[in-house]
K.L.:
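The structure that follows is given in the form of structure tokens.
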Amino acid sequence: MTVRTRYAPSPTGEPHLGNMRTALFSWLLARHYGGRFFLRIEDTDQARYIESGIEAQMEALRWLGLTWDEGPDVGGPYAPYTQSKRLKIYREHADRLVAEDHAYLCYCSPERLDGVRKAQQVRKEPPRYDRHCRGLSPEERRAVEAEGTSPVVRFKTPLDGETVTHDVLRGSVTFQNETLDDFVLLKSDGYPTYHLAAQVDDHLMETTHVLRGEEWLPSAPRHFLVYQAFDWEPPAFAHLSRILGPDRSKLSKRHGAHAALEYREQGYLPDAVVNFLALLGWSLDDHTEIIDRDMLIRHFDLDRVLTNPAVFNAEKLVWMNGVYIREMPDQRLADEAAPFLERHLARPIDRELFMRIIPLVKERIKLLSEIVDMADFFFTNGDLKYDVETLLGKRYASDPAAALKALEAATERLEAADGWEHGRLEAAVRPLAEEFGVKTGELFGVLRVAVTGKTATPPLFETMEVLGHKRTLERLRSAIKRLRGETGAK
RNA sequence: GCCCCCGUCGUCUAGAGGCCCAGGACGCCACCCUUUCAAGGUGGAGAUCGCGGGUUCGAAUCCCGCCGGGGGCACCA
């Protein structure tokens, strides 16, 4: 049998990391077994529908490279893949359950239901539908129908006995039927609830494995009951644990990014996010951390998926992103990072110059967005922004005259250098440290700020080489001028 | 209130009765390398395996109870 899994979001908001992990696990399972992965849109809630929701979901999947074989955009053998276009199917199935005495029409108003719930709460009883319409006689039914109320269809849950649900990860979980109530299958607006629609579709679309959040576990018995009523074989269910914030609460905006696509904005690589997410609740063995996509597909299976909730370890993701950046070919890194710099500078950058910069910054950034701080000075013209205290550093803080002398001497040597290759530049300048009786780091520090405006940069002489003869000397002279002007040193 | 799930270093995890007075990774600390920052290397601190009872010659691993955390109880998914 072909494995068929799906990602079935409802377009009610931005897809977040938890959603993406569910999608990833489903995708991996299908790919591992050479099966099919499809996308289904569960837009049966008119009130919460968001126009951009479907596109946001697809964009997040695309970004992470979770390709789907069937879906609302590409179609497939079980189309349509959008629930709002399948209303007739749900209606027919609801009718069938009513005809077979597994469901009934309920005319209770929202106000009455609300009253019932409130009364139950006062009595410290679990809030549950009181089955008022379950036992309506034909006459009573005609009477309420005459009033013109549009009914909902409710499932006729067995009053006693128990329902055994199966979860691939947890085994059997048994629920007493008396703790369940008669849930709604079809709403009065003609739309199905999740309880009907998802089961009907998963059966019709021949889903073999349903991966979903563990918040669905309490309603799993309802779904098994629905399958039973239809006399269908249920798919395998796997309820995935939640992803928690650092304070063990639900992961949210307070913990930094929450929406999956925000990670793209912040400079995370899809491969790193996929690797990281895969390790949240799954492991390959006792020591492997970096696992690329092919390897994930080769090894992923449900038997090593955990059921305990995982706290989102943001620092580890950053580290892992750095690993992926360092392993990336220069050309690809340049292509991925350039947009961040271009967005910052609000203009296109010289890609050829950028390619020469990449090797200098590659092991210095962990997020693509850090390229801005690490390399912007390569692309700016005119004066750098730094203050004289930074230029002087600790060593020269109280002796600007000495700094000036060192700067002038270094500039002179660089002007005289034959060739602008970093080895030559270093050979020209390095001896100065000894001559002036300072540590090389102290001397280079002043030059570094003069040339880049920053204290943390790629290696000094390689930076100068890439920056070029003209601009390097301009910046050195500008620093000399500032030192004279602002400290009065001579 | 009722129902369900979960519980190994701060965090992600390995562990399916003796290989574990618990291994790896992130983070943290120290040292090395070093022109800054990184990267890299070496070493270190860090878990009475939630607690209490059993079962067993032997338990993180099996059983029971408790505690703690989380989730669910809609004409939302």
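Note that this is a predicted model, so its numbers are computed, not measured.
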K.L.:
Taking C21(B) as the reference, what is the distance to C28(B) when you measure between their C1' atoms (whole Å, please)?
P.N.:
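My reading of the C1' atoms in C28(B) and C21(B) gives 24 Å.
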
K.L.:
For nucleotides C37(B) and G18(B), find the distance between their P atoms and express it as a whole number of Å.
P.N.:
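The answer is 49 Å between these two P atoms.
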
K.L.:
Does the ring of Phe155(A) carry Arg222(A) above it, NZ/CZ under 6.0 angstrom from centre and within 45° of its axis?
P.N.:
no

K.L.:
Both Glu42(A) and Glu289(A) contact RNA chain B. Taking the nearest nucleotide for each, which residue is further toward the 5' end?
P.N.:
Glu289(A)

K.L.:
Mind checking what makes side-chain hydrogen bond (donor to acceptor under 3.5 Å, both in side chains) contact with Asn321(A), not counting sequence neighbours?
P.N.:
none

K.L.:
Between Phe25(A) and Arg21(A), is there a cation-pi geometry (under 6.0 Å to ring centre, at most 45° from the normal)?
P.N.:
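Yes; both conditions hold, so Arg21(A) lies above the ring face of Phe25(A).
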
K.L.:
Tell me, with the steps shown, if Arg6(A) and Asp202(A) meet salt bridge (charged side-chain N to carboxylate O under 4.0 Å, His left out).
P.N.:
CA-CA 9 Å; Arg6(A) 95 277 121 121; Asp202(A) 281 329; 2.6 Å; yes

K.L.:
Could you work out the separation of G46(B) and C4(B) based on their P atoms and round it to a whole Å?
P.N.:
41 Å

K.L.:
When all nucleic acid strands are considered with a 4.0 Å heavy-atom cut-off, which category describes Leu460(A): base, sugar-phosphate, or nothing?
P.N.:
base

K.L.:
Taking heavy atoms of chain A and a 4.0 Å limit, find me the 5'-most and 3'-most nucleotide of RNA chain B within that range.
P.N.:
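So the outermost contacting nucleotides come out as G1(B) to A77(B).
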
K.L.:
Describe the nucleic acid contact of Arg304(A) in one word from base, sugar-phosphate, nothing, applying a heavy-atom distance below 4.0 Å.
P.N.:
sugar-phosphate

K.L.:
Counting the atoms with a prime plus P, OP1 and OP2 as sugar-phosphate, which does Val311(A) contact under 4.0 Å by heavy atoms, base, sugar-phosphate, or nothing?
P.N.:
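Contact class for Val311(A): sugar-phosphate only.
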
K.L.:
Tell me the partner of C66(B), counting only Watson-Crick (N1-N3 plus N6-O4 or O6-N4) or G-U wobble (N1-O2 and O6-N3) with both under 3.5 Å; none if nothing fits.
P.N.:
G50(B)

K.L.:
Look at all strands and tell whether Thr12(A) reaches a base, only sugar-phosphate, or nothing, counting heavy atoms closer than 4.0 Å.
P.N.:
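If one applies the 4.0 Å heavy-atom cut-off, Thr12(A) turns out to touch nothing in the nucleic acid.
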
K.L.:
Does G40(B) pair with anything, Watson-Crick or G-U wobble, both distances under 3.5 Å, and if so, with which nucleotide?
P.N.:
C32(B)

K.L.:
Once you apply a heavy-atom cut-off of 4.0 Å, does Leu306(A) come out as touching a base, just sugar-phosphate, or nothing?
P.N.:
sugar-phosphate

K.L.:
Hey, does Gly441(A) reach any base, or is it just sugar-phosphate, or nothing, if we go heavy atoms under 4.0 Å?
P.N.:
sugar-phosphate

K.L.:
If you assign each of Leu244(A) and Tyr129(A) to its closest nucleotide in RNA chain B, which residue comes earlier from the 5' end?
P.N.:
Leu244(A)

K.L.:
Can you tell me if Lys454(A) has over 12 outside heavy atoms packed within less than 6.0 Å of its NZ?
P.N.:
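Enclosed.
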
K.L.:
Which nucleotide, if any, forms a Watson-Crick or G-U wobble pair with A25(B), using both distances under 3.5 Å?
P.N.:
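Across any shown strand, A25(B) pairs with U11(B).
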
K.L.:
Counting any heavy atom closer than 4.0 Å, what does Pro246(A) reach on the DNA or RNA strands: base, sugar-phosphate only, or nothing?
P.N.:
nothing

K.L.:
Tell which nucleotide pairs with G1(B), taking only Watson-Crick or G-U wobble pairs whose two distances are both under 3.5 angstrom.
P.N.:
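Check on G1(B): paired to C73(B), both distances under 3.5 Å.
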
K.L.:
Would you classify Pro192(A) as touching base, sugar-phosphate or nothing, given that sugar-phosphate means primed atoms plus P, OP1 and OP2, and contacts are heavy atoms under 4.0 Å?
P.N.:
sugar-phosphate

K.L.:
Report the C-alpha distance between Phe237(A) and Trp216(A) in whole Å, list the side-chain angles of each, state the deciding distance to 0.1 Å, and finish with yes or no for ring pair (Phe, Tyr, Trp, His ring centres under 6.0 Å).
P.N.:
CA-CA 10 Å; Phe237(A) 284 90; Trp216(A) 287 109; over 10 Å; no

K.L.:
So Ser188(A), base contact, sugar-phosphate only, or nothing? Heavy-atom distance under 4.0 Å.
P.N.:
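Here Ser188(A) touches the bases of the nucleic acid.
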
K.L.:
Expressed in whole Å, how much space separates the C1' atoms belonging to C5(B) and C9(B)?
P.N.:
24 Å

K.L.:
Checking salt bridge (charged side-chain N to carboxylate O under 4.0 Å, His left out) for the pair Glu178(A)/Arg128(A): CA distance, chi angles, key distance, verdict?
P.N.:
CA-CA 11 Å; Glu178(A) 58 186 4; Arg128(A) 257 180 264 163; over 6 Å; no

K.L.:
Please list all pairs meeting salt bridge (charged side-chain N to carboxylate O under 4.0 Å, His left out) that have one or both residues in residues 427-441 of chain A, counting only residues at least two apart or in different chains.
P.N.:
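Every pair satisfying salt bridge (charged side-chain N to carboxylate O under 4.0 Å, His left out) with a residue in residues 427-441 of chain A: Arg413(A)-Glu435(A), Glu426(A)-Arg430(A).
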
K.L.:
Applying a 4.0 Å non-hydrogen cut-off, can you work out what Thr288(A) is touching in the nucleic acid: base, sugar-phosphate, or nothing?
P.N.:
nothing

K.L.:
With C1' as the reference atom in both, quote the distance from G71(B) to A16(B) in angstrom, rounded to an integer.
P.N.:
27 Å

K.L.:
Quote, to the nearest angstrom, the C1' distance that separates A77(B) from C19(B).
P.N.:
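It comes out at 48 Å once rounded to the nearest Å.
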
K.L.:
Quick one: label Gly281(A) by what it contacts on the DNA or RNA (base, sugar-phosphate, nothing), any heavy atom closer than 4.0 Å.
P.N.:
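Sugar-phosphate, backbone atoms only, no base.
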
K.L.:
With a 6.0 Å cut-off (strictly less than), is the heavy-atom count around CG of Asp167(A), excluding the residue itself, greater than 12?
P.N.:
yes

K.L.:
Looking for any heavy atom pair under 4.0 Å, which part of the strands does Cys106(A) touch: base, sugar-phosphate only, or nothing?
P.N.:
nothing

K.L.:
Which part of the nucleic acid, if any, lies within contact of Phe183(A), taking any heavy atom under 4.0 Å across all strands shown: a base, the sugar-phosphate backbone alone, or nothing?
P.N.:
nothing

K.L.:
Quote, to the nearest angstrom, the C1' distance that separates A45(B) from G7(B).
P.N.:
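Per the computed distance, 25 Å lies between those C1' atoms.
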
K.L.:
With P as the reference atom in both, quote the distance from G10(B) to C66(B) in angstrom, rounded to an integer.
P.N.:
27 Å

K.L.:
Looking across every strand, which nucleic acid part, if any, lies under 4.0 Å from Arg123(A) by heavy atom: base, sugar-phosphate, or nothing?
P.N.:
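Contact class for Arg123(A): none.
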
